[in-house]
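Below is one structure, written out as C-alpha cells, with a few remarks after it.
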Amino acid sequence: MNRRDFSKRVLMLGIGAQVGLAKGKPARTANKIGNYYKEPPKKLPVRKFDVVVAGGGTAGVVAALAAARQGEKTALIEAKGYPGGTVVEGGTALHSFYNLWKAFPGVKKRQVVRGIPQQIIDRLAKAGGTTGHAEMLKGYDFDSVCTAIDTEIYKLVAFEMLEEAGVFVCVNTLLTAAFMNGSQIKGVITESRSGREALYAKSFVDCTAYGDLSAYAGADYSEPNDYAVCNSIGLANVSVEKYYEFLNSHDAVTELARGLRSGKDDQIVRLEGSTVVLPDGFSDEADKIGMSTTTTTVHDDYLMFIKLNFKMPVSPTNRDEVAKAELELRRRQFRAVQLFRKYVPGCEKAFIARTSPSLNIRRGRLIKCDYDISHEDVIEGRHFDDDVMAYGFHDMAPRFQVKDGGTYGIPYRALRVAGIDNLLAAGMMITSDHRAHMSTRNTVSCMGQGQAAGTAAALCAAKNCGARELRYAELREALEKDGVYFES
Ligand SMILES: Cc1cc2nc3c(=O)[nH]c(=O)nc-3n(C[C@H](O)[C@H](O)[C@H](O)COP(=O)(O)OP(=O)(O)OC[C@H]3O[C@@H](n4cnc5c(N)ncnc54)[C@H](O)[C@@H]3O)c2cc1C
C-alpha cells in the first residue's frame, strides 16, 4: 500500500467510524468544540471486586497478595506486561530488610522487614534469583546487607505468587479514571486492548508510584520534581572481578558485598567506587552522563545495574518533556557502554543486555495523606500508636542514619489518602520532606507499606467500612499473624 492509498483508507475508515458513532451525523461537527473533542458517552462492561489495587509494582504486588490472602476478591491493574515496577527496573538491590547494625558497634542484628516481602525473597532464592541478604564488607555505614535480585526471575515469581493467591491480574491495562460518590470511590475505569471497563470495589489501594488513582479521585497532590529521572542498564559480557580490580587499583572501592552469584557463594555481588579518584576521562564522562559506579549482580559476567540519571526541567508528568528525557537517557546509556569498553579491563566487548521499557522515577506526584512522616520521625527513630511496620534504612547514610541503628515506624495514618474515604496509598508517593522520602521511598519500605495497605483494604472491604473506621488493633493482629515485624 503506498502513501496515497494509506491516506485514502484512513480517511474512509475515519468517516465510517464517525458516521457509526453519531448515527449519520458527522461526529467531527457534533463533538469538536474549538480545539477540543468532546467524547461521546459510552456504556462500559462492569466487573465487581472487594479490593482494587492500582499499579502492580514494588508496593502493589505485595498489596494485592495481602488483600487476596485475607480472602477478599482482589484485582490488580498494571500498565506493563509484568508485575514488579521499579524494583525490577531501578536499583536491583533492595534496601533494606535489616537495621544498620554494622555501623553501630554493639547493636544487635535484626531483620526488621519480614512477612510477604521476605516470602518473595524466599521464592526468589529457590529459583536462583537473588544473592540472599549478603553482608556488606565495605560501606556498611550505608547499609548492612545487599539483597540483589534477578530482575527477570522477580517478574515471573511475583506473577506466579499473584496467580496462586487468586488475584485477578490485569496486565497491559491502564487505569485512566475514577468515579465517585461524594468522597468515596465507587469504581475505576481501565483501558486495554479488550476495551474500556468499569471495575467496582469497596476498597482501593493506589500503588501507581505517580499517584494516578488518587489524582483521578480528586485527592490533593503536588509535583515536587526534586529528583533526577533514570534509565538503568544491565551490562553483559563483562568481568565483575576485573571491574573490582579497576576500582581497587585506584583505591576507589567504597562498597563491597560478597554473596551468592551464579549458584556459588562468596562472590562479589555489590560494588561501588568513588569517581573522584578514578582516571579523569572516566570520571568526567561519568559525571556528564549522570552515571554512578554502583552495581549489583546475581550472575557471572554481568553488571546488572548501571544507573544513568538525568534531571528534567519540569515534572515527569509532562509527556513531551518525558519524550525528550527518554531519548537523552538512551544516548547516555550508549555513552556508558563506550566508557566501560574504553576504561575497564574485561569490559572491552560489553553490551547492553537490559534496559527499562520507560524511564524510572523516584517521585512523580506527592499525594497528601492523613499524616506526613517527617525527617525527625525517621532519624530519631520514632514509633507511633498505629505503626504498620518498622524500617531502618536511609539512602543518605552515613550523613543521615536512623538513631542508634534502630528503626522508625510507618503509621497507618500515613497511608490514608486525605479526603477520600476508601483509598490507601503505598510506595514512593507518600512523604513530602525530601530527606524523609530518601528513606520511606526505598523498595523494602514500599513492600512493607504494600502489605499494610493491602491488608487494611481487605479488612475494610470485609467490614464494609471506610479506611478511617478500621480498628487499629484488628489491623495489627492481622499483620502480626502474617509475619510483620513490630518494635514492641
Ligand atoms: C533509578 C532508581 C534506582 C533506585 N535504586 C534503588 C535501590 O537500589 N534500592 C532501593 O531500595 N530503592 C531504589 N530506588 C527506589 C525504589 O526502587 C522505588 O522508590 C520503589 O521501587 C517505588 O515503588 P512503588 O511501588 O512506589 O512504585 P513502582 O514500583 O514504580 O510501581 C508502580 C507501578 O504502577 C504501574 N502504574 C503506574 N501508573 C499506572 C496506571 N495509571 N495504570 C496501571 N498501572 C500503572 C507502573 O507500571 C508500575 O509497575 C530506586 C529508584 C530509581 C528510580
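We're numbering straight along the sequence, starting at 1. Remember, it's 1-based here, ligands and their atoms both numbered in the order they're listed.
- For the pair Thr293/Leu271, no side-chain contact is recorded, criterion being any heavy-atom separation below 4.5 Å from C-beta on.
- Within the 4.5 Å cutoff, the side chain of Phe340 has no heavy atoms near those of the Val238 side chain.
- The shortest N or O to N or O distance between Phe305 and ligand 1 is not below 3.5 Å.
- Considering each of Met429, Arg270, Arg441, the one bringing a non-hydrogen atom nearest atom 14 (N) of ligand 1 is Arg441.
- Under 4.0 angstrom from ligand 1, the non-hydrogen atoms of Ile361 all belong to its backbone.
- With a 4.0 Å cut-off on non-hydrogen atoms, Thr86 touches ligand 1 through its backbone as well as its side chain.
- The closest non-hydrogen atom to atom 7 (C) of ligand 1, taken over Ala209, Ala93, Pro357, comes from Ala93.
- Ser232 is linked by a side chain to side chain contact (heavy atoms under 4.5 Å, CB included) to Cys230, Phe305, Arg354, counting only residues two or more places apart in sequence or in another chain.
- The closest heavy-atom contact to atom 43 (C) of ligand 1, among the options Gly81, Ala63, Ala79, comes from Ala79.
- Counting heavy atoms under 4.0 Å from ligand 1, residue Leu213 does not touch it at all.
- Asp50 and Lys73 are not joined by a salt bridge, as no carboxylate oxygen comes within less than 4.0 angstrom of a charged side-chain nitrogen.
- Among residues two or more places apart in sequence or in another chain, the salt bridge (Lys or Arg N to Asp or Glu O under 4.0 Å) test is passed with Glu78 by none.
- Aromatic ring centroids of Phe393 and Phe142 lie under 6.0 Å apart.
- Aromatic ring centroids of Tyr200 and Phe179 lie under 6.0 Å apart.
- Counting heavy atoms only, Cys207 comes closest to atom 32 (C) of ligand 1 of the residues Cys207, Gly84, Gly85, Gly55.
- At a heavy-atom distance under 4.0 Å, only side-chain atoms of Cys230, from C-beta outward, approach ligand 1.
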